[in-house]
Amino acid sequence: MSLLIKGGLVVDPSQHLEDPLDLLVERGKIVALEPPGRIPAEGRRVISASDLVVTPGLVDMHVHLREPGEEYKETIESGTRAAIQGGFTGVACMPNTKPVNDNAAVTRLILDQAKAAGHARVYPVGAVSVGSLGQALSEYGDLKAAGVVAVTDDGRPVSNSMLMRRALEYARTFDLPVISHCEDLDLAADGVMHEGAVSLQLGLKGIPAAAEEVMVYRDLTLARLTGARLHIAHVSTAGSVAIIRLAKAMGLPVTAETAPHYFTLTEEAVLGYNTHAKVNPPLRTEMDVKSIKEAIRDGTLDAVACDHAPHSSLEKEVEFTAAAFGLIGLETSLSLTLKLVHDGALNLSQAIGALSTNPAGILGMPGGTLKAGAPADITLIDLNREWTVDASAFASKSRNCPFNGWTLKGKAVMTIVGGEVVWEEEG
Amino acid sequence: MEFRHKDLLGIADLEPEEISLILDTAASFKEISTRPIKKVPTLRGKTVVTLFYEPSTRTRMSFEIAAKRLSADTLNLTVSASSAVKGETLADTAHNLEAMAPDVLVIRHAASGAPHYLAQRLRCGVINAGDGLHEHPTQALLDLLTVREAKSRLDGLKVAIIGDIAHSRVARSNIYAFTKMGSRVTVAGPATMLPPYLETLGAQVTTSLVEAVRDADVIMMLRLQLERMGQMFLSTLREYSQFFGLAPKHLKLAKEDVIIMHPGPLNRGVEISPEVADGPHSLILEQVTNGVAVRMAVLYFLIGGEKG
């Protein structure tokens, strides 16, 4: 069955395209991109993309799908359904499941479940250390052969600098990037939000920006020492941005991501002890938000990844100090990033680059492009569709969304994976 | 002026006029405690439940006496942290208590914001008797009353608060309370115990006890929690008392009629020398007396009169 996506504005940063083009898909692959009207419609399913933007399928390189082990929060089925409803054709899932994804058997289970669900593509990320305990290296070669695209101890950051050095060297052996959750656990101590005026006011223990920045600096230095590919996860501070900008100027093989909440919310979202705004790293200040936006614009931050972290009411409907860190984002990430476009902070190509082409490139995925021959992973976006976030209607099993009730502009309306329409907006 | 709150969660939420109203009412209630029969029928038929997740003698007793002097029935529930961890959630405990129809719940909890959490979920009033590092509003009110009685005013006074500001809910509530009433607050302690951004609360900040007490009208010493030593906040008790303990020599730097306060319990010889604690400037026991009066006033405003 061939598919003709007709009349849309194609935005593909991998080819520097932002033009009205028709797109032909056959046997799950992109076959041609032609000026409007050149490709005959006869015998093809025609999808009208008038007034829509057609982009390479969005990729979120940092999500938690909770399966195996915490299926009451999310399953691979529900998490990937949330992904396609948010316009994402691919997600990279973090290894902090129960058991931890530190061996090929867990990786294969994740891939089997993803295939059975049939929604978005899933790219597992393996653990840096066995059990993410920070002691022994896990089997990177085996993991990669099973389908892992990177390694990380996200959520249980590598404290031991020697282990981090060895992880970078061992990962280089197998050409895997190391994704670092930068947090000095001694400095973060038992902090529950950003250390600043609001934590003082609320009497909540703070996590200083320095807890992130000292580890960003450490890991960049180790990347220089080892020559390994380093990717910094969920950058939240202006200081981290400055250090990464410097490292990139020095030519280090480093990439970095941030999450929509770090360019949308500040520490003030915690006021009233709002547990949906409890996230790690914590929401920072206006100055940090400004710096993060600028860093996406100038390419210091390559990717936007939402760090989708589902938790149930058991973890969130409790005292703030007892609540779990994390919020869900797959169904709001695109709209919050498009808000930067509407506000003039980014152009459309920069936004799609951060949501698709760049993360696909960092993890070596086949997507992120609409070039002929690429897998037909495609997202159709209505830039001007206004909608109100209703967490109770999310595909995700969890409801821990600080944007509930917000009215946002811009939304995915169709998601195509491997040439199949896996989701489309009703009505 | 009316008091229109369902709950008392923090001084930060109160207007200066509301604070004055509570203090005036507390002052008038003080007389009840001097009568041969120390009881009035104001809150007869009302039920006050105290729910303490942290150990406390003084504050819990003070609330209980305050409630009893107004003829309310009281029920005290002390929950050890360990059994709370094993057992039901805070919300479930509170809903169970509410099902027994109390009029007000007085809560102390180690988690900042726990009273706010309950106040959002319960119909009955909630009084914060100390939440984590956040606030201890009735302590600040009784401190205001004590100072106002001694000085006949609150505006224009220099108030020094000294010690572990970082971990003190008493310090936070008092910084709000005294600055709202027109006093100038200076806080002092080792920099390890002075959290960043203190000046955003309206306080002057110094690491020198001498600078803080100079020309002070009021010196408030905070209790040093001895476990802070193991957490790298200070080196030795000996050094702490040498640089941040209040001794008679410091009183000479302050105003002649300076008053000395402490929320208790005292670490004699650590943050305050026995000579100062027991000396003529000390109003430490007066604070305890005023605690009952202030809590009577707060209970009265939340559940008293026609509102009930």
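Quick note on labels: first sequence line is chain A, next is B, and so on, each numbered from 1.
Summarising the local packing, CZ of A/F325 is surrounded by more than 12 heavy atoms from other residues, nucleotides or ligands at distances under 6.0 Å. For A/E70, the CD atom is densely surrounded, since the number of other residues' heavy atoms within 6.0 Å is greater than 12.
In this structure, B/S112 OG and A/Q201 CD are separated by 12.0 Å, a value rounded to the nearest 0.5 Å. Here the CG atom belonging to A/L202 is positioned 10.0 Å from the CD atom belonging to B/E135, to the nearest 0.5 angstrom. Put simply, CG on A/L200 and CZ on B/R172 are 5.0 Å apart, with the number rounded to the nearest 0.5 Å.
Across A/A189, A/A322, A/A197, the residue that shares the most heavy-atom pairs under 4.5 angstrom with chain B is A/A197.
Below 4.5 Å, heavy atoms of chain B meet no heavy atom from residues 275-295 of chain A.
Looking at B/A111, the atoms closer than 4.5 Å to chain A (heavy atoms on both sides) sit in the backbone and in the side chain alike. Using a 4.5 Å cut-off between heavy atoms, B/L198 touches chain A through backbone and side chain atoms alike. Heavy atoms of B/E199 lying under 4.5 Å from chain A are absent altogether.
Taking the six-membered ring for Trp and thresholds of 30 and 60 degrees, A/Y273 and B/H134 have ring planes more than 60 degrees apart, a perpendicular arrangement.
Without hydrogens or angle criteria, B/Y197 side chain to A/V198 main chain gives no donor-acceptor distance under 3.5 Å.
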* To do: For side chain to side chain contact (heavy atoms under 4.5 Å, CB included), just list the numbers for B/Y53 and A/E319, CA-CA rounded to whole Å, side-chain angles, deciding distance to a tenth of an Å, and then say yes or no.
  => CA-CA 13 Å; B/Y53 285 85; A/E319 306 91 285; over 6 Å; no
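The shortest heavy-atom contact between B/P196 and A/E195 is CG-OE2, 3.3 Å.
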